[in-house]
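Along the sequence shown, residues are numbered consecutively beginning with 1.
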Amino acid sequence: MKSPNWPLVRFVCSLVFASVIICAALAFCIYPAAVIVRTLQDDSLRETGYSESVTGWFRDVSGRQRDWARKYLDTGRAGKVAAFEVAETEWPMFGSVFYLLTAEQLVSEGRLDPEDPVIAETLVLSAEIIASPETATWVRKKWGADYLERENLFYRMLLIMGLSSYESVTGDRQYHQLMAEQSESLAGEIMAARYHLVDDYPGECYPNDILWAVAAIQRAGYLTGANYDGLVESLMATFNREPVLVQGLPAAQMNSRLGFANQDPRGCANSGILMLAAELDIGIARQWYGQYEADFWKDNGWFAGFTELRRGSSEQLSDVDSGPVLLEFGSVASAFGIGVANTLGRLDHSVPLTYEAIACSWPTPFGFAVPQAMGWMAVDSRSLGEVALLFCMTRPAMVESRASYEGDIPGIVWLMLAGYLSVGSLFLFMEVRGMRRAWRRHFGSGK
């Protein structure tokens, strides 16, 4: 038996190893740099606030969302999580809603085909997650068997919002009665409540969620024929004065029974409440945004974004709602700030925020690595974090005039670009040099 040609074997192994490293460098370093360069050259982003790449990214994430949704439903995971686990209980619900809202917007703009097989299946699965009683296991533990009949605002808001988007996109009315009944009953509760304050969970009341609930109810009303203009007007007027209004912005948390603020305005709550405020009252939304910019917007040249607490606050606060907070900047406040700024035509804020989000999210051929990792660690999902980011990037303008962005690019974007390029180039250089040396060693000796 002929003995192996060990020099050749070593050469082939070296070649395979180098090829793997080169592919990884291209995918995880050079590709992200190329995405950043393309984004910086995106005229659509500078002129309208919307990147031309968003539709393609959404199509890509749809496959991951579909696979996760199938597994989530098949395993009955919703019925097994502890009620106190915020991420595992809430993320699947609002992530599915974000998917439907994003699809609805892209379809309305003619940028997405809802009959595409992957998109169509993911729409159906996302709606099924939202409507499934098993998904409601955690709120049923908190509110009891009548969880759909009193308060429980966060869950019922998402139920109405998601199902109205699903019906708008697909025309499927299988959830129409559930959506209509919940819209009517929740609208009545909010209208009758003192200061329109209704609890998400027992003892927890968040004005941001109440505003979203009224926006969801109004959207559902367009499909059911119900008129909720009175509720919209009353809510916005009430939230624009004390006790809900605290130093020019709605409080982050209220005591619904006693009518006082438990928590002052925060970046994550401000960005959240302003995301849909323009749908309800554009004048008040602009007023709140002006105060938000004055107290929370920060630009130090390297970073631009919204702080989690009022700029210059000595208090430190970071939790599941705020996401990571660095140098005062709130990750959720700034990510959601993309959508808020776009709704009000503030490209001077939305464009640099989008640059930063794309650069820092580590774009790869397989999706945005950082949001994927966050979703995977929290709820075993590689899609929910990405969907939330794309939702923010697709919020429509509620104003007629927008000035194109002519400002500076934050330093962190250039730093990330340089980092991707330098690390990728280093690995490529080392492996190409190693391959050339291996070639010379094997073939240059006449073997």
Side-chain angles (χ1 to χ4, degrees), residues 39-55 57-58 98 101-102 104-112 208 211-212 214-215 218-219 232-233 236 239-240 248-250 265 267-299 303-307 311 329-330 332-359 388-410 413:
T39 302
L40 295 178
Q41 296 176 335
D42 190 339
D43 292 335
S44 176
L45 177 59
R46 282 184 169 269
E47 294 171 3
T48 68
Y50 310 124
S51 171
E52 293 179 344
S53 302
V54 165
T55 305
W57 291 334
F58 185 75
F98 286 161
L101 287 169
T102 307
E104 180 184 19
Q105 185 59 39
L106 293 175
V107 169
S108 71
E109 297 172 2
R111 299 163 64 184
L112 189 72
N208 169 47
L211 185 143
W212 271 61
V214 171
Q218 185 181 55
R219 287 176 173 223
V232 170
E233 293 173 7
M236 294 302 286
F239 277 22
N240 199 35
L249 289 165
C268 59
N270 294 336
S271 288
I273 204 167
L274 284 165
M275 186 79 74
L276 296 180
E279 289 188 20
L280 306 182
D281 190 308
I282 190 66
I284 291 177
R286 280 173 166 158
Q287 172 191 325
W288 288 348
Y289 192 89
Q291 191 66 52
Y292 189 27
E293 177 183 15
D295 293 349
F296 288 81
W297 179 257
K298 181 178 178 179
D299 185 348
F303 297 93
F306 291 104
T307 58
R311 194 174 54 252
F329 294 101
V332 171
S334 296
F336 274 61
I338 296 171
V340 174
N342 270 335
T343 63
L344 296 172
R346 292 298 303 270
L347 303 190
D348 56 327
H349 290 166
S350 68
V351 174
L353 286 173
T354 301
Y355 287 154
E356 292 175 332
I358 292 173
L389 181 60
L390 296 177
F391 163 74
C392 297
M393 291 182 180
T394 53
R395 292 311 84 207
M398 305 299 293
V399 296
E400 294 182 359
S401 60
R402 292 172 294 185
S404 61
Y405 179 68
E406 302 296 341
D408 295 330
I409 297 169
V413 177

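Interatomic distance, CE of M393 versus OG1 of T354, reported as 5.5 Å (0.5 Å rounding). Taking CG from L45 and OG from S350, the interatomic distance works out to 7.0 Å, rounded to the nearest 0.5 Å. To the nearest 0.5 angstrom, T343 atom OG1 is 8.0 Å from Y289 atom OH. In this structure, the separation between CG on N270 and CG on N208 is 9.0 Å, given to the nearest 0.5 Å. Taken to the nearest 0.5 Å, the CG atom of L211 stands 5.0 Å off from the CG atom of L280. Atoms CG and CG, from D348 and D408 in turn, are 12.5 Å apart once rounded to the nearest 0.5 Å.
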- Task: Take E47 and R402 through the salt bridge (Lys or Arg N to Asp or Glu O under 4.0 Å) test and state the conclusion after the steps.
- Result: CA-CA 8 Å; E47 294 171 3; R402 292 172 294 185; over 6 Å; no
- Query: Are Y292 and S271 close enough, and set up right, to give a side-chain hydrogen bond (donor to acceptor under 3.5 Å, both in side chains), and what steps lead you there?
  - Reply: CA-CA 9 Å; Y292 189 27; S271 288; 2.8 Å; yes
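Taking 4.5 Å as the limit, some side-chain heavy atom of L347 sits within range of a side-chain heavy atom of N342. F303 places none of its side-chain heavy atoms less than 4.5 Å from the side chain of P410. Using a 4.5 Å cut-off on side-chain heavy atoms (C-beta onward), T394 and L101 make no contact.
No side-chain donor-acceptor contact under 3.5 Å links T102 and E104. For the residue pair R111 / T55, a side-chain donor-acceptor distance below 3.5 Å is found, with atom types taken as modelled. Looking at Q291 and Q287, their side chains never bring a donor and an acceptor atom within 3.5 Å of each other. Donor-acceptor pairing under 3.5 Å is recorded for the side chains of W288 and N240.
Of the possible donor and acceptor atoms, one in the side chain of E356 sits under 3.5 Å from a partner among the backbone N and O of A304. Remark: the backbone N or O of R46 is not paired with any side-chain donor or acceptor of S404 at under 3.5 angstrom. A donor-acceptor distance shorter than 3.5 angstrom exists from the side chain of W212 to the backbone of G272, with no hydrogens or angles considered.
Nearest heavy atom pair, residue R395 against residue Q105, reads NH2-CB, 3.9 Å. Across every non-hydrogen atom of R311 and E293, the tightest pair is NH1-O, 3.9 Å. Looking at every heavy atom in both residues, L274 comes nearest to V340 through CB-CG1, 3.5 Å. The heavy-atom pair separating I358 from W57 by the smallest distance is CD1-CH2, 3.6 Å. Nearest heavy-atom pair across P250 and P265 is O-CG, 3.5 Å. Nearest heavy atoms, A278 versus L344: CB-CD2, 4.1 Å.
You'll find the ring centres of Y405 and H349 outside the 6.0 Å limit.
Within a 6.0 Å radius of CG in D299, more than 12 heavy atoms belonging to other residues, nucleotides or ligands are found.
Cation-pi geometry between K298 and F306 is not met at under 6.0 angstrom from the ring centre and within 45 degrees of the axis.
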